[in-house]
Amino acid sequence: MTPTPTIVLVGHGMVGQRFLEALAERGVTGRARIVVLGEEPRPAYDRVQLTSYFSGRTPEELSVVEDGFLERHGIELRTGDPVVAVDRAARTVVTGSGRSVAYDHLVLATGSYPFVPPVPGRDAAGCFVYRTIEDLLAIEEYAKGAKTGAVVGGGLLGLEAAGALKGLGLATHVVEFAPRLMPVQVDEGGGAALLRTIERTGLTVHTGTGTREVVADGGAVTGMRLSDGSELAVDMVVFSAGVRPRDQLARECGLAVGERGGIAVDAHCRTSDPAVFAIGECALAADGRVYGLVAPGYEMARTVAAVLAGEADGGFTGADLSTKLKLLGVDVASFGDAHGTAEGCLDVVYADSRAGVYKKLVVDAEGRLLGGVLVGDAEAYGLLRPMTGSRPPVPPERLVLPAGAGAPAALGPAALPDDAVVCSCHNVTKHAIGQCSTLAEVKRCTKAGTGCGGCVKVIEQLLPSPAGQGLCGCFPYTRSELYEIARTLRATSFAALLDSHGREAAKGGEGCEVCKPAVGSILASLGNGYILDGEQAALQDTNDHHLANLQRNGSYSVVPRVPGGEITPEKLIVIGEVARDFGLYTKITGGQRIDLFGARVDQLPSIWTRLVDAGFESGHAYGKALRTVKSCVGQTWCRYGVQDSVRMAIRLELRYRGLRAPHKLKSAVSGCARECAEARSKDFGVIATAAGWNLYVGGNGGASPRHADLLAQDLSDAELVRLIDRFLMFYIRTADRLERTSVWLERLEGGLDHLREVVVDDSLGLAAELESLMAAHVAGYRDEWAETLDDPERLRRFVSFVNAPETPDPTVRFVPERDQIKPDLAFLTLEGVTSR
């Protein structure tokens with residue numbers, strides 16, 4: 001009887017777990033004993049998404065180990081017990097607890113360790129590295145007593161660490177020795193665009209300088225001295241200056257290592273000992289490189305699993321180093337020969353300094369795509385990366401242009417060849433994805449989409465079945481279908497809706513940036529109470545989080561409701577006094593309201609206390625909701641007016657205030673055909689006639705102006721309100737996410753005629769139901785700011801820094817202009833982009 005071989009895996013990170021999955025896929029777990037020895041106190045977790053811990057994901061939610069996987073395959077896992085010695089002669093490993101485990105095959109997946117520059121003071125209290133969940137827990141705890149932090153390293157992980165410190169309420173510096181941020185991934189132009197955008201978030205960046213010393217007082221960090229002679233006053237320092245292969249075990253047991261580190265392996269990831277393999281960041285591949293990304297590690301894991309399964313395998317011959325990520329809200333991507341190192345290559349560059357967008361494609365003399373850098377707009381990454389090495393179906397210069405400026409709008413995943421690798425993390429081609437019918441099946445059968453996630457959008461577009469449609473990768477239903485489901489079930493929870501009606505792969509998850517605000521809007525439109533209570537807070541868009549409009553310099557604007565544009569002198573005086581006392585910029589808007597700009601987040605409650613006391617309500621300028629109903633002075637004052645437009649505008653605005661919708665809503669009422677209120681440029685507009693009111697719908701201004709269409713004419717007051725009730729609720733019920741009424745009306749099958757049949761003639765028998773839904777909204781309306789001010793717990797979110805609630809944000813700066821203030825544009829410098 002052949003004895004059962006033992007495979008020992010040292011290290012249980014993402015690459016180690018992928019190795020175990022590859023063994024299971026090949027049936028090796030059924031004929032070998034698998035022992036896993038991990039140093040960390042928890043099973044493998046998603047280190048790529050590590051920073052999401054600070055946005056609410058728990059360590060358990062970061063796990064990459066499917067429930068029951070280890071037990072199902074008989075895999076023995078021991079955490080918190082690192083291997084400290086390898087005896088190659090005896091083929092045993094010894095752990096820190098003294099446990100000895102024999103092996104037939106040993107796989108080292110020990111990863112890497114953070115490099116900490118050998119500078120004085122680096123061991124002081126307040127110095128951290130950014131590598132594990134335990135590191136994050138320690139940083140989070142120490143930050144409670146800190147005000148200013150610095151991150152040493154401006155690479156991918158360094159910028160994530162800087163974002164984490166800023167999110168913890170610290171004023172944050174980034175110190176990068178190279179002349180630009182992310183020097184490995186982006187070129188000079190991309191680095192410049194990234195720098196401008198990141199500085200606008202409030203981070204202070206120091207490039208081209210290193211850390212000379214960490215200054216400590218009483219054993220704790222008090223500052224830093226940089227190599228350019230400058231000094232920073234900081235309370236804590238996070239080192240994220242790169243990583244080094246963890247090859248100590250290999251060195252100590254006599255395995256060959258590279259001159260600059262890394263366990264030397266051949267094409268099949270074997271070390272100098274045939275019984276020992278090395279995979280991931282600890283391995284020095286046969287091509288002389290140490291790969292620091294997860295995709296090459298996964299490929300190495302697959303290679304070793306194939307060898308142990310006795311399969312013929314071409315081995316590990318290198319990997320795609322393309323990356324796509326979002327750092328501090330900025331999309332960054334690079335692929336192929338991003339730095340243009342090939343002889344005779346040419347650059348195609350598009351740069352918009354004002355918008356913070358930089359795109360560069362590297363092509364050869366024949367037009368083949370070699371690589372590229374995308375900063376600020378990485379939408380095309382999913383298509384461009386698989387095209388690397390081939391001639392694009394359109395001229396390369398068109399691929400970097402924004403939509404509407406010559407970009408090929410019709411170019412999609414269909415343009416990719418069948419052998420194009422769509423998922424670089426798991427080396428999955430377009431052809432392989434085409435054999436599946438749902439996103440869940442793609443993930444289950446190919447693993448595509450389960451790595452960095454950058455390919456999911458392209459995968460969904462490649463799916464041959466309707467499962468590729470729907471609101472997003474989490475829900476197979478459109479927004480209108482989800483509205484009906486939520487209404488029918490009387491749903492009040494996003495999580496419950498996702499678990500009951502989400503795609504299988506998304507159930508139990510957190511949703512995405514598409515479905516969370518969309519479902520949040522649906523629940524709000526169905527009367528789900530205060531939008532920032534409980535789970536709902538995590539669903540809202542940026543502005544809704546603070547019930548105010550975020551401005552370019554990090555300050556907020558305040559917009560009290562002024563129904564119909566009518567306001568008393570007393571209320572005008574209150575607005576003026578608030579603006580004066582808080583030093584705000586005042587502007588009369590196109591919607592006949594007064595906007596107060598320049599408020600810090602910590603000032604918002606004090607400002608609104610005075611406004612609410614004076615009788616003002618939230619103007620909902622921050623939400624996808626009714627904004628304003630404009631009016632002319634109408635019959636009361638104007639000699640041409642034929643109806644009281646002010647009275648009607650006030651009535652409509654007070655009726656529909658706070659109504660959440662797929663997109664913002666604007667309206668106007670004109671007192672005669674001269675149309676001074678510009679009602680036909682609004683989502684719903686009303687124009688007075690001698691016999692009553694004409695109702696127009698589906699208009700909007702903006703980049704794509706559209707005149708509203710006449711829905712009904714010569715209506716009484718009651719008829720007008722009833723038809724608007726039906727129109728708005730039918731729109732909310734059937735429109736897509738972020739779809740204006742103008743686009744919705746043009747998309748609606750049957751167009752205006754069908755809308756008239758539904759809303760005016762009640763052809764679908766929905767009128768009573770639509771009116772009932774609107775009546776429920778009107779009856780349930782509560783002013784959000786009044787409710788906020790009445791609850792001390794709700795007020796806790798309105799601070800610039802969680803750890804120092806009394807400290808104003810020092811990055812919000814202003815300069816005088818025309819007797820008022822404006823953002824300090826020198827502080828928000830937007831310089832030109834330099835490219836070769």
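All values derive from a computational prediction rather than experimental measurement.
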Handout entry: Pairwise salt bridge (Lys or Arg N to Asp or Glu O under 4.0 Å) hits with a residue in residues 236-254, at least two apart
Key = Glu39-Arg246, Asp247-Arg251
May I ask you to check whether [X] and [Y] show a side-chain donor-acceptor distance below 3.5 Å?
X	Y	result
Glu40	Tyr45	yes
Tyr130	Thr51	yes
Thr271	Asp273	no

Any side-chain heavy atom of [X] sitting closer than 4.5 Å to one from [Y]?
X	Y	answer
Arg212	Leu226	no
Val101	Arg99	yes
Leu37	Pro82	no

Problem - Aromatic ring proximity Phe316/Tyr291, centre distance under 6.0 Å - result: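 They qualify: ring centres under 6.0 Å apart.
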Exercise for the section: May I ask you to check whether Phe128 and Phe239 place their ring centres under 6.0 Å from each other? Expected result: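 That pair fails the under 6.0 Å test.
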Practice task
Give the ring-plane orientation class for Phe277 versus His105, where under 30° counts as parallel, over 60° as perpendicular and anything between as tilted.
Solution key: tilted
Practice task
Using a strict 4.0 Å threshold on nitrogen-to-oxygen distance, state whether Arg42 and Glu134 make a salt bridge.
Solution key: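 A salt bridge links Arg42 with Glu134.
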Handout entry: Donor-acceptor contact below 3.5 Å, side chain Ser112 vs main chain Val243
Key =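 Looks like no, no N/O pair under 3.5 Å.
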Problem - Phe177 CZ: over 12 foreign heavy atoms closer than 6.0 Å - result: no
Handout entry: salt bridge (charged side-chain N to carboxylate O under 4.0 Å, His left out) against Arg131, all qualifying residues, sequence neighbours excluded
Key =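 Result, salt bridge (charged side-chain N to carboxylate O under 4.0 Å, His left out) vs Arg131: Glu281.
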Exercise for the section: Take Gln17 and His12, measure what side-chain hydrogen bond (donor to acceptor under 3.5 Å, both in side chains) needs, and give me the verdict at the end. Expected result: CA-CA 6 Å; Gln17 174 61 22; His12 192 215; 2.8 Å; yes
